[in-house]
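Note sheet for the following structure.
All values below come from the heavy atoms of this structure, side chains included, with hydrogens, waters and symmetry mates left out. None of the values given here were measured: they were computed from a predicted structure. Order of appearance sets the numbers: ligands from 1, and atoms from 1 within every ligand.
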Amino acid sequence: MSERRVFRFAPSPNGYLHLGHAYSALLNFELARACGGRFLLRIEDIDRGRARPEFEAAIYEDLAWLGLDWEKPVRHQSAHFEDYATALERLDDMGLLYGCDCKRSDISKFAASHPRWPRDPDGAPLYPGTCRTKPRRRAREILAQGGVALRLDMAKAAALAGEELSWREHGAAGEGFSLVPAHPTQWGDVVLARKDTPASYHIAVVADDALQGVTDVVRGRDLFHATSLHRLLQRLLNLPEPRYRRHELVLDAGGEKLAKSRGSATLRGLREAGVSAAEVRRMVGF
Ligand code: GLU
C-alpha cells in the first residue's frame, strides 16, 4: 500500500493570521488534497506569555472562512510538555544538555566586545559557551531548581550525529528533490528549554512532527536554516525524516516580510474591509 502523506499548518496563536499564513495554510491544504493525504492544524502555543485564546479562536474562524477543513482534535503544544520533556531527557541521557544562567544581555555584551563574533542564521550572536564547563547536573534538576535555560552542547551533538546530515528539499512544483547538506553548528549551543517555557520551538516541532506522523513539512523559507537543527535533533532522537519544502513569503508593498508584530494586513482586517474569501485566495495565488 502506498504511503498516505500527512501535511500540517502550525501557527502560533500570538497574533491574527495574515496573508502569509493564508498562503501557507492553503498550500498545505491543497497539497494534501491533491495526493489524497491528511491535513493537520497544530496550535503552537508553548510560549505561554504570548499565546492568547482569542487568537486561537480567530485562527479557526479565519481558516474556516477561507474554506479550509482540518482533522480534529487539534493538537495543542501546551498540552504536551511531557512529550518534549521525554525528548529532552533522551538528549540529557546522551550528555548533550547543560544548564545556563546567562542573560541575553550578557551574551550581547560579550559579542559586542569581540569583533566579528559569529551570529546564527537569525542574526543572534552565538552563545560563547560560558556555562558549558560547569559541573554537569541532570536537566530536570536544573529546571526544577530554577536554572534559567538548557542548552545543547552543539559540538558534542554534531559529533555524535556523525557526518552526512542532510534533508530532501522538494521543489516548488513538487517534482523531485535535492539533497541539502545540514549545517547545525551554525546555530551554536541553542537553547532547548527555559524555566518559563520548558520546551523550545525546535524540540517541540521535531517531537510533534514525529508523533503526528507528519511526512511533509511545507513552510516559509524563513525556517529554511532551522531545518539543519531539526535534522540534527531527528538524527539524535532517532526520529523519521520528513520531506521538506520551503515556500516563498508573502511580502508587503515595501518588500518586507509580513509580521504579526508589525500589524501587517490581517485576514480579519481584510474581511472587515469587505474583501471576500475568494479574493483573498486569489491574492495569494489560489
Ligand atoms: N509555529 C511556527 C510559526 O508560526 C511555524 C512552525 C513550523 O511550521 O515549523 O511561525
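A cation-pi arrangement, defined by a distance under 6.0 Å to the six-membered ring centre and an angle within 45 degrees of its axis, is present between Arg151 and Tyr127.
Every atom of ligand 1 is numbered from 1 in the order shown, and the set under 4.0 Å from a heavy atom of Tyr201 is 6 (C), 7 (C), 9 (O). In the vicinity of Glu44, heavy-atom distances shorter than 4.0 Å reach the ligand 1 atoms 1 (N), 2 (C), 5 (C), 6 (C). Taking every heavy atom of Val205 and a limit of under 4.0 angstrom, the matching atoms of ligand 1 come to 9 (O).
Inspection of the Asp47 and Tyr201 side chains reveals no N or O donor paired with an N or O acceptor under 3.5 Å.
The existence of a salt bridge linking Lys134 and Asp101 is confirmed by a sub-4.0 Å separation between a basic side-chain nitrogen and an acidic carboxylate oxygen. Salt bridge annotation for Glu3-Arg243: present, with a cationic side-chain nitrogen under 4.0 angstrom from a carboxylate oxygen.
The shortest heavy-atom distance from Arg8 to ligand 1 is under 4.0 Å.
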